[in-house]
Amino acid sequence: MNKVRFFFLLSLFASGVAWAHQAQEGDIRATAATQFYRNDVRDHDFSPPWLQSVGLIVEGDIDNHGGLEISAFYLRQFYSIQKDGLVLDETGKRMYITMGYRHWFNTRLSSAIAFFSSYTMGDPAIQRNDFGTGPRPTTSAKDVVDYGFDFSVQYEPWREGRWAAVVDARYSLSVTSKPGEAGNFYGFLVGLKYFVQGQEANAVALPVKK
């Protein structure tokens, strides 16, 4: 739970500070991103792999502090559950959607807190089954929809005109995990952000006449 506390406290801190930033009412940005992530290991015997997903993030500023952010990622999620010393690992393809608020507290650094819903896409695949052919517990891989919270800290190391590169550290905290299940995950993403519309984008597109 130390990772959860770290991301939660950092997100709250960032959301409460109002330093100089570029957010403007009506600005819209879109980011194409690749995410690398891994399950947060609990106290049972399993070794989750690093996985990769792709997705799209859209930001819409509501004032000069930040605004709404919506994202959608197509991912392969890993679930591990332990019961009576036996472990069951499953993976399932899911559509992972977040909706929340991103706060910019300087021109390059921001943080977001979002609510996520994750929707199953097909049947899960068993990766490890210590239960054999006997009765086994059910993981969240079979859930039609899961819910939870997503914490993000994002940095823009490069920006040129309408374009910017982003790196983003994230933690996903599920509130629908089964007892004994490790369903939370953490990781980072890299992406290319495009300034779709807004005051700054207009200034880039329309040079000032002399």
Side-chain angles (χ1 to χ4, degrees), residues 1-40 50-75 96-118 148-173 184-208:
M1 292 298 290
N2 289 334
K3 298 184 184 73
V4 180
R5 295 191 185 98
F6 171 77
F7 276 89
F8 180 69
L9 291 174
L10 188 57
S11 298
L12 285 180
F13 170 77
S15 298
V17 180
W19 299 348
H21 50 76
Q22 287 188 311
Q24 301 266 359
E25 181 180 355
D27 285 358
I28 298 176
R29 304 172 181 86
T31 303
T34 298
Q35 182 174 206
F36 303 89
Y37 56 100
R38 183 177 189 264
N39 280 65
D40 191 0
W50 279 94
L51 301 173
Q52 182 180 358
S53 68
V54 294
L56 180 67
I57 305 169
V58 178
E59 302 170 53
D61 292 333
I62 58 176
D63 57 27
N64 62 347
H65 300 297
L68 299 176
E69 178 178 280
I70 299 173
S71 72
F73 282 85
Y74 176 72
L75 53 80
Y96 185 90
I97 298 173
T98 71
M99 179 178 294
Y101 178 80
R102 177 166 297 278
H103 180 87
W104 287 84
F105 59 100
N106 66 29
T107 58
R108 295 187 182 275
L109 188 63
S110 66
S111 181
I113 301 176
F115 174 79
F116 82 76
S117 53
S118 173
F149 295 94
D150 195 273
F151 305 96
S152 160
V153 178
Q154 186 179 107
Y155 180 70
E156 294 186 5
W158 170 85
R159 185 184 299 133
E160 182 68 34
R162 290 176 178 260
W163 298 93
V166 301
V167 290
D168 190 322
R170 298 202 164 208
Y171 191 94
S172 174
L173 174 63
N184 303 337
F185 62 88
Y186 62 90
F188 66 95
L189 64 82
V190 292
L192 188 62
K193 180 180 291 188
Y194 182 72
F195 207 125
V196 178
Q197 72 173 36
Q199 297 183 28
E200 182 178 327
N202 291 335
V204 172
L206 302 173
V208 178

Enquirer: Picking from K193, R108, R170, what satisfies side-chain hydrogen bond (donor to acceptor under 3.5 Å, both in side chains) with Q154?
Expert: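 For Q154, the side-chain hydrogen bond (donor to acceptor under 3.5 Å, both in side chains) test succeeds with only one of K193, R108, R170, which is K193.
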
Enquirer: Using the side chain to side chain contact (heavy atoms under 4.5 Å, CB included) rule, take Y194 and T31 through it: C-alpha gap first, then chi angles, then the decisive distance, then the call.
Expert: CA-CA 6 Å; Y194 182 72; T31 303; over 6 Å; no

Enquirer: Would you give the length of the straight line joining atom CZ of F36 to atom CZ of F188, rounded to the nearest 0.5 angstrom?
Expert: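 The CZ atom of F36 sits 5.5 Å away from the CZ atom of F188.
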
Enquirer: Would you please indicate if the ring centroids of W50 and Y37 are separated by under 6.0 Å?
Expert: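 Not close enough - the centres of the two rings lie 6.0 Å or further apart.
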
Enquirer: Quick check for you: to the nearest 0.5 Å, what is the distance between L75 atom CG and Q52 atom CD?
Expert: 11.5 Å

Enquirer: When rounded to the nearest 0.5 angstrom, what distance separates CG in L68 from CD1 in I28?
Expert: 11.0 Å

Enquirer: Working to the nearest 0.5 Å, report the span between CG of D168 and CD1 of I57.
Expert: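 It comes to 6.0 Å.
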
Enquirer: Got a second to check how far W158's CH2 is from L192's CG, nearest 0.5 Å?
Expert: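 Rounded to the nearest 0.5 Å, the CH2-CG separation comes out at 6.5 Å.
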
Enquirer: What distance do N184 atom CG and R38 atom CZ have between them, rounded to the nearest 0.5 Å?
Expert: 13.5 Å

Enquirer: Verify, without hydrogens or angle tests, whether R162 (side chain) and F195 (backbone) share a donor-acceptor contact under 3.5 angstrom.
Expert: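 Such a contact is found between R162 side chain and F195 backbone.
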
Enquirer: Once you measure the plane-to-plane angle for F115 and F149, does it fall in the parallel (<30°), tilted (30-60°) or perpendicular (>60°) bin?
Expert: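 The rings of F115 and F149 stand perpendicular, inter-plane angle above 60°.
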
Enquirer: Please work out which of the three classes, parallel, tilted or perpendicular, describes the rings of H103 and F105, given edges at 30° and 60°.
Expert: parallel

Enquirer: Would you say the side-chain atoms of Y96 and S53 include a donor-acceptor pair closer than 3.5 Å?
Expert: no

Enquirer: Hey, does W104 have a side-chain heavy atom less than 4.5 Å from the side chain of E156?
Expert: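 The answer is yes, as the side chains (C-beta and beyond) meet within the 4.5 Å cut-off.
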
